[in-house]
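Excluded from the calculations below are hydrogen atoms, water molecules and symmetry mates; all remaining heavy atoms, backbone and side chain alike, are included. Numbers restart at 1 for each chain; the letters A, B, ... are given by sequence-line order, proteins then strands.
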Amino acid sequence: MEWLPYCVGLGVDEMRQLSEIISAVLWDALTEMGDENPDGTLKNLASPRHSHQGDLALPCFALAKIMGRAPNDIAADLAERVASQLTSMDGCSEVGSEGGFCNFYVDVEWLAEQVVSQTIDKPESVGHFRSPSSLLIEHTSANPNGPFHVGRSRNAILGDTIVRMHRLAGDNVRAEYYVDDMGKQVGILAWALDNLDEAKVSEILGAEDMDEVLTHPEKQDHQRVRYYQAANLLKADDPAVEIGVTKLVQASEEADADVLDKFEAAYQPVLDGMLETLDRIGITFDSFTKESRFIVDGSVEVIMEKLGASDLHGTAENGAHYLELESRGVAGKSTKFFFRRGDGSSLYATRDIAYHQWKWQEAERLVNILGEDHRLQSKQVGIALDELGIKNPEVVFYAFTKLPEGKMSTRRGNVVFMDDLLDEAAARATAIVTEMRDDLSAEQISEIGEAVGVSAVRYNIIRVSPEKGINFRWEEALSFESDSAPFIMYSHARACSINRKLTTQGHDVGALIDGAQQYGDWSNLSDSAGELVKRIATFGEELNGAIDSHRPNLLCTYLLSLATEYNRFYRDNHVLVEGEVNSRNLALSEAARILLKAGCESLGIVAIEQM
RNA sequence: GGGCGCGUGGCCCAGCUGGAUAAGGCGGCGGCCUCCUAAGCCGCAGAUCGCGGGUUCAAAUCCUGCCGCGUCCGCCA
């Protein structure tokens, strides 16, 4: 059997390859049997739920009406027609039929050989299952007005994981942070730093029982958020605050250089503190783009003029401009999308349009990570982009993380700061390692504790699908048990431990695996070894699915199952038996190790070598 | 009031481009360390897939009505 063209040089997804082989043979048989749309039928070729039903199965029910025969009959006939051809080729060991399905069983020996050679000989191409493209993924982009809290972190962790998954697939990705450097939030912060002092801040916060002891007094984001909170409280009673802030914000919207500088001086230390937190969980950015840029370069003004020529354009009594979106499927109290105020200035969303126009010069694909509160806004911007003949970005929405007391809010102080969560996670993990490993130095233990804590926090946020809300509970956020990052890390560490042990004993792991491959006997694999091989073989398919649907939680589920299969394999397939090396088991262990590591890295889990 | 999203065992959650007996985890009960890390492995109990209609050979999955939760409906960001 020849390799299919898409495999060449791109790394292989073994199960998908097998599926294509089987499809090709089935196509001919189905046509012979009178199926006029074999492609449609073959779309339903999929892996069954239970292993005794084979590794791939084709439902034949839809054919019953066309052929005037019972599904069972058709499945049996089809199986008979393709059995000898398929089983004489590589990949398929058995064909059967049951209950209206045609079932195909993978040749595990063949698959084991494929999996080992593809993974171990070309580890650099793991995950590279298609030709790469360039993407600009914008995520986080939080207002720099205070420390990162757990609610905001979902955006960052989702976005960064999507970035990482694309990188594993070989894409050229740029992670971008859009800095809101001219809005009301930053305006309030700047005003507060100018007009309040420590004593006043303490007084205001104290009156509302919000004057808490700082958990991270050394960080500017933790220090300055108090000024932000105090100014927000003061604003309710003292109109001077609103007036002062509005004056600043208006100046910033006119690109007043002094005010923009003042704003930057106010938020940059806060942003630095936030980035320090993100860096701790492995999140970094390739570029930062400031919102004010699009005012300064005049592109917002041009956009507003162009939108004025749209069929949807309208003008309010005071001269404000909008697009009427009712005809474009927008419903609600107001279907108007305002893009220019009565005083001629732009709005946040208008600048966002200019930002998108600019982003399209930077990459072939754009992905935005947005909270579900931005759904309407995003739709409005999308329609405006349509009007301007600019492509829409791909958008990933996520639901909020709530505390038992309700929605998180920096302004109201109802938050769990990421810094505190990470400290607690690392402390708990360190305590566990200390108890279990008396052979490690304090430094090693704290490194492991940090890796475990940080990974667990990331995983517990990424494991649930983006559109579902999360109710934050400390015990769940800090879970280290089965459905968790440490579980996966532990499997990886076990594989590393085997490799390390052999190397320490003077074995040449690479040579041993070469030997196993040359010998090429993969017969009589144990059940658990066979299951591990099958799981490994779907890595590419699973990664692909997670990327295409923008759902990192799918990769979590897969990686968890890979770790589970590895643990079962580990249980009854030893590499070292009484001083002798079983090089076949070693090869499988190494293949799993490589994929566990790649998978961990693409989820932002730190793949440590021992724990 | 309207738009959008979500609703799966006591708890968390996967599956939702329709396919065979709804996958895991926590908690509960019972087993497994003379053997490469027990953060592991094995077994048992536990589910009217929010409720009612509809489409289909086939519905957790698609359509529709209702209920509950979230979110938005600013010339804010």
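- The phosphate of B/A38 has OP1 or OP2 within less than 4.0 Å of a side-chain N or O from A/R494.
- With centres under 5.5 Å and a plane angle under 30°, the ring of A/F101 is stacked against the base of B/A20.
- For the OP1/OP2 pair of B/G24 and a distance below 4.0 Å, the side-chain nitrogens and oxygens of A/S482 include no atom meeting the criterion.
- No engagement by A/E242 is indicated, since no non-hydrogen atom pair under 4.0 Å with the nucleic acid exists.
- Across the protein-nucleic acid pair, A/Q377 atom CD and B/C75 atom C1' stand 13 Å apart, rounded to whole Å.
- The side chain of A/F487 approaches B/G40 more closely than any other nucleotide in the set B/G40, B/C36, B/A77.
- Between the CD atom of A/Q380 and the P atom of B/A77 there is a distance of 13 Å, given to the nearest Å.
- Side chain of A/S23 to main chain of A/S19: a donor-acceptor pair is present (N/O by atom type, distance under 3.5 Å, no hydrogens or angles).
- Remark: the A/N567 side chain and the B/C41 base include no donor-acceptor N/O pair separated by less than 3.5 Å.
- In this entry the distance linking CZ of A/F480 with P of B/G27 reads 14 Å, nearest Å.
- With respect to the salt-bridge test (charged N to carboxylate O, under 4.0 angstrom), the residues A/E565 and A/K534 do not qualify.
- Residue ring and base: A/H574 does not count as stacked with B/C35 (centre distance below 5.5 Å and interplanar angle below 30° not both satisfied).
- For the pair A/L560 CG and B/G25 P, the computed distance is 8 Å after rounding to whole Å.
- The side chain of A/N44 contributes no N or O atom lying less than 4.0 Å from OP1 or OP2 of B/U17.
- Of the listed nucleotides (B/A77, B/C36, B/C26), B/C36 has the atom at the smallest distance from the side chain of A/Y570.
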Dot-bracket notation for RNA chain B, counting Watson-Crick and G-U pairs under 3.5 Å, with | for partners on another strand: (((((((..(((......[....))).(((((.......))))).....(((((..]....))))))))))))....
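- Of the candidates B/G70, B/A20, B/A77, B/G70 carries the atom nearest the A/K402 side chain, counting heavy atoms from C-beta on.
- When each of A/V270, A/I188, A/N143 is paired with A/Y228, the side chain to side chain contact (heavy atoms under 4.5 Å, CB included) condition holds for A/I188 and for no other.
- In this structure, A/K336 does not pair ionically with A/E326, as no charged nitrogen and carboxylate oxygen lie closer than 4.0 Å.
- Classification of B/C33 as syn follows from a glycosidic angle within 90° of 0.
- Checking B/C41, B/A39, B/G74 against every side-chain atom of A/S334, the shortest atom distance belongs to B/G74.
- For A/A331, the side-chain atoms get nearest to B/G3 when compared with the rest of B/G3, B/C41, B/A20.
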Tabulate atom names and distances for all N/O pairs under 3.5 angstrom spanning the protein and nucleotides 5-12 of chain B.
{"from": "B/G7", "atom 1": "OP1", "to": "A/K468", "atom 2": "NZ", "distance (Å)": "2.7"}

Please tabulate the protein-to-nucleotide N/O contacts below 3.5 Å involving nucleotides 57-68 of chain B, giving atom names and distances.
{"from": "B/C57", "atom 1": "OP1", "to": "A/K65", "atom 2": "NZ", "distance (Å)": "2.6"}

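- Of all nucleotides listed (B/A20, B/C75, B/C73), B/C75 comes nearest to the side chain of A/R341.
- A/S561 has no side-chain polar atom (N or O) that falls below the 4.0 Å cut-off from OP1 or OP2 of B/G24.
- Atom CD1 in A/I498 sits roughly 13 Å away from atom C1' in B/G40 (whole-Å rounding).
- Within 3.5 Å, a donor on the side chain of A/H52 pairs with an acceptor on the base of B/U21, or the reverse.
- For A/E291, taking side-chain heavy atoms from C-beta onward, the closest of the listed nucleotides B/G15, B/A77, B/U71 is B/A77.
- Comparing atom distances between the A/Q53 side chain and each of B/A20, B/C36, B/C42 picks out B/A20 as nearest.
- The CE-C1' distance, from A/M436 to B/C33, rounds to 14 Å in whole Å.
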